Each structure stands twice: as structure tokens, then as C-alpha cells.
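This report refers to the structure that appears directly beneath it.
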Amino acid sequence: MSEIIICNQSLSPLALQNQCNINIDQIFGFNNSTSAILSPNKPYLLGDDSPQNRNILTQLSPMLASSDVTNLSLSYGGNNIVALSELTAGLKDYNIGLMGASTSMYANRVGGFAGSVKEYQAALMNYREAVTAKSASKALAKQKAMRSYQVMQSKFQNELRVVTAQVKSRRGTPLTN
């Protein structure tokens with residue numbers, strides 16, 4: 001399986017060999033070329049030079065995308081970024097395929113998370129209305145919003161834990177400083 005490498009600093013072939021035990025000849029850039037030095041926030045391909053992998057490199061090549069992925073990876077770790085990506089794709093599939101075979105356990109779990117987000121949004125709107133109207137129930141609305149927030153956080157953490165557990169067994173370690 002091929003991997004994408006994105007560094008946050010320039011990396012020479014010697015540093016790449018010493019820090020990661022990767023030979024520069026195994027790496028391909030966006031233009032099918034091998035570089036003498038890996039540039040920061042620029043994606044490189046380690047492994048098969050397939051059309052699917054080229055497509056991934058194309059999507060990551062714009063500076064904004066590669067810079068964001070690099071910073072997220074350094075902040076949260078490579079496994080968590082892959083897990084968040086799969087979680088986002090799952091939520092997107094859930095929204096698109098709601099009418100389909102969404103009676104599975106996964107759909108119920110993601111549906112519970114999506115429902116908690118909607119409940120939190122509704123609680124925040126109620127709290128906003130109470131504050132702007134200077135209502136006496138402002139404190140109650142704030143407590144309800146806080147409770148909804150805690151429920152949403154709990155469901156998000158659970159979903160992230162489940163997805164991360166599936167990803168950890170098949171992912172390596174990303175390059176860091």
C-alpha cells in the first residue's frame with residue numbers, strides 16, 4: 001500500500017534516510033519527478049505510482065490543502081487525521097444514502113452523533129433567543145445547551161475511538177519534526 005508523505009520543513013535525502021529509513025529514490029512528486037530535497041507542505045508519494053495515488057497527490061497539491069493536512073497531522077497525529085477523514089466520509093455517506101440501507105449499526109451510531117449535533121444546535125438557538133429576549137429562563141436554556149454539548153462531545157469521542165481503532169492497525173507513523 002502506498003503512502004503520502006508531507007513534511008513541515010525541507011528534508012534532504014540524508015535526513016530522510018536517517019530519520020525515516022526511506023530512500024529518496026522511492027519517492028515521487030506531483031510532476032512524476034524525484035526531488036533532491038523534499039519541500040515543506042508539498043505531498044510526495046512513497047510506493048506505487050498508480051493513477052489512484054496520482055489522484056490523491058493532485059488533490060493534496062494545492063498549498064492550502066497540503067499545509068492544512070501537514071498542520072493537522074503534526075497536531076493530532078497521522079492516525080487521528082485518517083480517522084477524522086473516514087469519519088467525515090461516513091457522515092457524508094450517511095447524509096447522501098439516508099434512504100438506502102441505513103438500518104445497519106453504523107448508520108445508527110452515526111445517526112446518534114448527527115442527532116446530538118442537531119440537538120446542540122437547537123439548544124444554542126434557544127439559549128440565544130433567551131439571551132436576546134432577556135428571558136428569566138436564560139439560566140435554564142444555558143444548562144440545556146451545556147448538557148447537549150456534553151452529549152455531543154461524548155458521542156463524537158466514541159465515534160472517533162471506533163474509527164481510530166480500525167485505522168491504527170493498518171497505518172504507519174507520519175513524518176514529524
Side-chain angles (χ1 to χ4, degrees), residues 1-9 39-44 52-53 55-177:
M1 178 176 175
S2 297
E3 291 188 38
I4 303 296
I5 297 175
I6 301 178
C7 308
N8 70 334
Q9 60 187 358
S39 300
N41 299 322
K42 186 174 180 186
Y44 294 92
Q52 180 183 11
N53 291 334
N55 185 24
I56 294 171
L57 276 182
T58 303
Q59 292 176 19
L60 290 175
S61 287
M63 185 53 119
L64 184 60
S66 60
S67 176
D68 287 347
V69 170
T70 303
N71 292 333
L72 285 170
S73 181
L74 290 173
S75 297
Y76 299 111
N79 289 337
N80 288 332
I81 298 307
V82 173
L84 282 171
S85 167
E86 290 186 6
L87 176 63
T88 304
L91 285 172
K92 192 183 297 181
D93 290 344
Y94 175 74
N95 288 335
I96 292 170
L98 188 61
M99 300 292 281
S102 62
T103 57
S104 70
M105 191 166 150
Y106 178 74
N108 289 335
R109 194 177 69 230
V110 172
F113 170 63
S116 69
V117 171
K118 288 179 185 176
E119 287 174 19
Y120 178 55
Q121 180 182 8
L124 282 177
M125 294 305 286
N126 289 340
Y127 178 63
R128 180 177 177 268
E129 288 174 15
V131 168
T132 54
K134 297 181 181 173
S135 172
S137 63
K138 181 171 51 174
L140 182 63
K142 183 177 181 179
Q143 285 179 340
K144 186 175 180 185
M146 292 298 289
R147 234 183 346 262
S148 297
Y149 175 76
Q150 293 300 329
V151 168
M152 180 189 69
Q153 285 293 84
S154 166
K155 290 189 180 200
F156 177 75
Q157 289 298 324
N158 181 48
E159 184 65 22
L160 191 58
R161 231 178 282 114
V162 168
V163 173
T164 303
Q166 295 169 354
V167 171
K168 278 186 181 176
S169 62
R170 58 186 163 101
R171 295 299 297 166
T173 307
L175 291 177
T176 61
N177 287 339

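None of these values were measured; they are calculated from a predicted model. Residues take their numbers from the sequence shown, with the count starting at 1.
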Discussion item. Return the CD to CG distance between Glu119 and Leu124, rounded to the nearest 0.5 Å.
Written reply: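 One gets 12.0 Å once the value is rounded to the nearest 0.5 Å.
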
Discussion item. How long is the straight-line distance from NZ of Lys118 back to CD of Gln121, given to the nearest 0.5 Å?
Written reply: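 With rounding to 0.5 Å, CD (Gln121) is 9.0 Å from NZ (Lys118).
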
Using residues 138-150 as the side-chain source, report each donor-acceptor pair under 3.5 Å to any protein atom, sequence neighbours left out, with the distance given to one decimal.
unit_1 : atom_1 : unit_2 : atom_2 : d
Ser148 : OG     : Lys144 : O      : 3.0
Tyr149 : OH     : Gln153 : NE2    : 3.4

Discussion item. Test of understanding: with side chain to side chain donor-acceptor pair (under 3.5 Å), list the residues that count as partners of Ser137, not counting sequence neighbours.
Written reply: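 Ser135.
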
